[in-house]
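I have placed the structure first, in the form of structure tokens, so that the comments after it can refer back to it.
Nothing here was measured: the structure is a model prediction, and the numbers come from that model. Both counts, for ligands and for their atoms, begin at 1 and track the order of listing.
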Amino acid sequence: MKRHNFSAGPCVLPREVIEKSAQAVLDYDNGLSLIEISHRSKAFVDVMENARALALELLGLEGKGYKALFLQGGASTQFLMVALNMLEKRAGYLNTGTWSAKAIKEAQIYDDIYEVASSKDANYNYIPKGYDIPTDYDYFHCTSNNTIFGTQIKEFPDCPIPMVCDMSSDIFSRQLDFSKFDIIYAGAQKNMGPAGTTLVVVKEDVLGKVSRKIPSMMDYKVHIDKSSMFNTPPVFAVYTSMLTLEWLKNLGGIEAIEKENEKKAQLIYSEIDLNPLFKGFATKADRSNMNATFTLENEDLKETFDTMVKDAGINGLNGHRSVGGYRASMYNALPLESVAVLVEVMSELERKA
Ligand SMILES: Cc1ncc(COP(=O)(O)O)c(C=O)c1O
């Protein structure tokens, strides 16, 4: 049976990427596996350099003073790495969900964090707007897409101070002026590759401004100076990320995938809005094109719907416990056809009920 993978991450990847990386595990370099060659070998150094260059190229940041790094420890390690590298006096954070709150918690270890705005009052079902960012702070931090709650920042502020963004769940999915950001980070396991590496894109001129001593593994400058090879990199995750970035480039880059992502989002949200059995969780204006969150109006239908979902080969649709209901994660590699299958199941439920 064809499976439709709506998992929130790790998640669906392009089939051709999985096939190529599986092959590379068997034989990458004249009979040697990708995971048994030295990371210092030319074969792997080329992979790392290609992945770093592709990331900057796709984001339109080549030649603009940015460096791309493939680090470890997940996006969660970036919560503290950002603070260690950037926080001297005070920073402002936009609190739009669980991941923003976790980023705030880690930065609080180093200094008092100012929440410029929060949507916690409504269980994070919207994106706060019209807030002020103090001009004398070290940086402003935001989360572009709130994976759990299904909200997405549509317009970023004109930020008077360096802007840092956790783009873990929507990087490479839509066109943005990425040069508005000074640090972008994203765990690979949604739009880029398998778990195990985190892309960090840093504008070099924002570094070197804090007085604290930074442990080497936590220091962006150290990783930049060592071309993202300060320690042994997660070779499989970097290689598979490189393949996914190549796949995206061949499709026509972010511009092309954005159109597909819009079609998928329109399809699911129009069903959520038209079908009286379902209710969207996020405020309409702030709905995420990556993670659509919704609930059943009548919980008595849950068992029937869950069985229909399973029978249709749909995987990973359960909502996060802090929202309940369902979450359809529609990352870059999820085909429109999978969303059509889900929508058909939703309308079939309406016909049956
Ligand atoms: C927006 C966002 N930030 C951070 C994280 C944490 O990422 P990691 O598990 O790589 O630390 C996630 C994980 O889903 C996420 O969705």
Q: Please determine which of Tyr139, Tyr66, Phe156, Phe140 meets the ring pair (Phe, Tyr, Trp, His ring centres under 6.0 Å) test together with Phe181.
A: Phe156
**Q.** Among Phe294, Phe281, Phe6, ring pair (Phe, Tyr, Trp, His ring centres under 6.0 Å) partner for Tyr326
**A.** Phe294
Tell me: protein heavy atom nearest [atom], and distance?
atom	value
atom 13 (C) of ligand 1	Trp99 CZ2, 3.4 Å
atom 7 (O) of ligand 1	Ala75 CB, 3.5 Å
atom 4 (C) of ligand 1	Asp166 OD2, 3.4 Å
atom 14 (O) of ligand 1	Lys190 NZ, 2.8 Å
atom 16 (O) of ligand 1	Thr147 OG1, 2.5 Å

(Q) Under 3.5 Å, is there a donor on one side chain and an acceptor on the other for Asn145 and Asn291? (A) yes
Between [X] and ligand 1, which residue portion shows a heavy-atom distance shorter than 4.0 Å: side chain, backbone, both, or neither?
X	answer
Asn145	backbone
Lys102	neither
Phe79	side chain

Q. Between Asp111 and Arg90, does a salt bridge (Lys or Arg N to Asp or Glu O under 4.0 Å) hold up when you go through it step by step?
A. CA-CA 7 Å; Asp111 228 320; Arg90 222 175 175 204; over 6 Å; no
Q: Decide if the gap between the ring center of Phe44 and the ring center of His39 is smaller than 6.0 angstrom.
A: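 Centroid separation for Phe44 and His39: 6.0 Å or greater.
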Q: Tell me whether the centres of the aromatic rings in Tyr185 and Tyr220 are closer together than 6.0 Å.
A: no
Q) Short N/O distance, under 3.5 Å, between Ser76 and ligand 1? A)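 By distance alone, the answer is yes.
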Q | Any N or O of Gly74 closer than 3.5 Å to N or O of ligand 1 | A | no
Q: Determine the minimum heavy-atom distance between Ile113 and Leu87, stating which atoms define it.
A: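 Shortest heavy-atom separation between Ile113 and Leu87 comes out as CD1-CD2, 4.1 Å.
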**Q.** Nearest-option assignment for atom 10 (O) of ligand 1, heavy atoms, candidates Met167, Gln72, Gln189, Gln78
**A.** Gln189
Q: Give the atoms of ligand 1, by number and element, whose distance to some non-hydrogen atom of Ser168 is under 4.0 Å.
A: 1 (C), 2 (C), 3 (N), 4 (C), 15 (C)
**Q.** Lys129 bridged to Asp286 by N-O distance under 4.0 Å
**A.**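 Yes, charged N to carboxylate O under 4.0 Å.
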